Amino acid sequence: MSAPIAASTARHWLWRIVCAASGGVTVNGRWDVRGGCVVVANHSSHADTAALLAALPPAARPVFGAAADYWFEVPVRRVIATSLAGILPVRRAGAGNYAALLAAAGPALRAGRTVVLYPEGTRSTDGVIAEFRSGAVRLARDCGVPVVPVAVLGTADVLPKDGRYSPAPMQVRLGEPLDPHDVTAAQLREQVVALRADAGHDERYALAS
């Protein structure tokens with residue numbers, strides 16, 4: 001087993017256990033991607049990353065673009081980011097932020113890995129999915145990979161922003177891979193909103209056990 005797959009597998013099982021102890025996570029949809037891709041997901045909690053690590057298959061070898069100013073300026077957070085979550089440092093604002101995103105995520109995509117981005121840029125506190133920034137679509141286009149919309153539910157109940165941890169059921173809903181040349185950031189947001197609103201239970205499997 002290669003080092004990236006071994007690390008991804010270890011993270012996957014670690015976060016499956018954590019999520020099971022936190023109320024469980026279920027997944028709707030199937031992962032149908034071979035090679036690199038960009039996942040775009042709504043963001044309301046740090047538990048989003050845990051749920052996605054538990055839900056995505058180890059073969060996807062996911063890494064997460066996240067705010068460098070939050071995750072990498074404090075030593076304890078840096079250890080969590082690099083060792084337990086596979087986070088890539090990304091600048092949230094300022095000149096050259098897309099170039100920094102491309103430099104951070106491009107090598108992972110070229111290596112066939114999944115790069116997860118939260119295009120809202122910060123965690124929602126009211127349940128409303130904010131407008132998506134365009135960097136994720138641009139990244140997928142420039143790197144020649146599909147973009148996959150994903151909705152995450154219930155995580156704000158587990159770990160709300162500036163709130164206390166409380167176990168609750170979580171859910172991850174996987175969309176279909178899309179050609180990034182055929183969608184805009186606004187359309188991807190609509191896809192995520194629709195996935196979150198969809199109450200269908202087809203192809204649903206539990207990761208709580």
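Worth saying up front: this structure is predicted, and the values here are computed from it rather than measured. Residue numbers run from 1 in the order of the sequence given.
Side-chain contact between Lys161 and Thr122: present, with at least one pair of heavy atoms (C-beta onward) separated by less than 4.5 Å. Looking at Ser124 and Ile129, their side chains never come closer than 4.5 Å, going by heavy atoms from C-beta outward. When side chains are defined from C-beta on, Leu117 counts as touching Leu139, because their heavy atoms get closer than 4.5 Å. Using a 4.5 Å heavy-atom cutoff, the side chains of Leu56 and Leu174 are in contact. In this structure, the side chains of Leu178 and Gln187 stay at 4.5 Å or more apart for every pair of heavy atoms. Between Met170 and Val152, the closest side-chain pair of non-hydrogen atoms is not below 4.5 Å. Put simply, the side chain of Val172 reaches to within 4.5 Å of the side chain of Val150, judged on heavy atoms. At a threshold of 4.5 Å between non-hydrogen side-chain atoms, the residues Thr125 and Asp162 do not count as touching.
Using modelled atom types, no side-chain atom of Arg61 and backbone atom of Ser8 make a donor-acceptor pair closer than 3.5 Å. No donor-acceptor pair under 3.5 Å is formed between the side chain of Tyr98 and the backbone N or O of Ser134. In this structure a side-chain-to-backbone donor-acceptor pair under 3.5 Å is missing from His12 to Pro57. Under the 3.5 Å distance criterion, the side-chain polar atoms of Glu120 are matched with a main-chain donor or acceptor of Ala130. Of the possible polar contacts, none joining the Arg189 side chain to the Phe132 backbone as a donor-acceptor pair under 3.5 Å is found. Using modelled atom types, one side-chain atom of Arg173 and one backbone atom of Arg196 make a donor-acceptor pair closer than 3.5 Å. Of the possible polar contacts, none joining the Thr114 side chain to the Pro62 backbone as a donor-acceptor pair under 3.5 Å is found.
If you chain together hydrophobic residues whose side chains sit under 4.5 Å apart, Val192 and Val183 fall into the same group. The hydrophobic clustering, which links ILVMFWY residues whose side-chain heavy atoms are closer than 4.5 Å, places Val116 and Leu14 together. Cluster annotation: Val27 is connected to Phe64 through the hydrophobic network of ILVMFWY side chains, with a link wherever side-chain heavy atoms come within less than 4.5 Å.
Taking every heavy atom of both residues into account, Leu195 and Ala151 meet most closely at CB-CB, 3.7 Å. Contact between Asp32 and Pro177 at its shortest, heavy atoms only, is O-CG, 3.6 Å. The two atoms that bring Cys37 and Leu109 nearest to each other are O-CD2, 3.2 Å, heavy atoms only. The shortest non-hydrogen separation linking Pro58 to Thr9 is CB-OG1, 3.5 Å.
Separating the CG atom in Leu159 from the CZ atom in Arg123 is a distance of 7.5 Å, to the nearest 0.5 Å. Atom-to-atom distance recorded for Leu188:CG and Arg133:CZ is 15.5 Å, nearest 0.5 angstrom.
Within a 6.0 Å radius of CD in Glu176, other residues, nucleotides and ligands contribute 12 heavy atoms or fewer.
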Evaluate the side-chain contact (heavy atoms from CB on, under 4.5 Å) criterion for residues Trp15 and Thr49: first the C-alpha distance (whole Å), next the side-chain angles of each, then the deciding distance (0.1 Å), finally the verdict.
-> CA-CA 9 Å; Trp15 292 109; Thr49 297; over 6 Å; no

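A side-chain N or O of Tyr165 and one of Ser22 form a donor-acceptor pair less than 3.5 Å apart.
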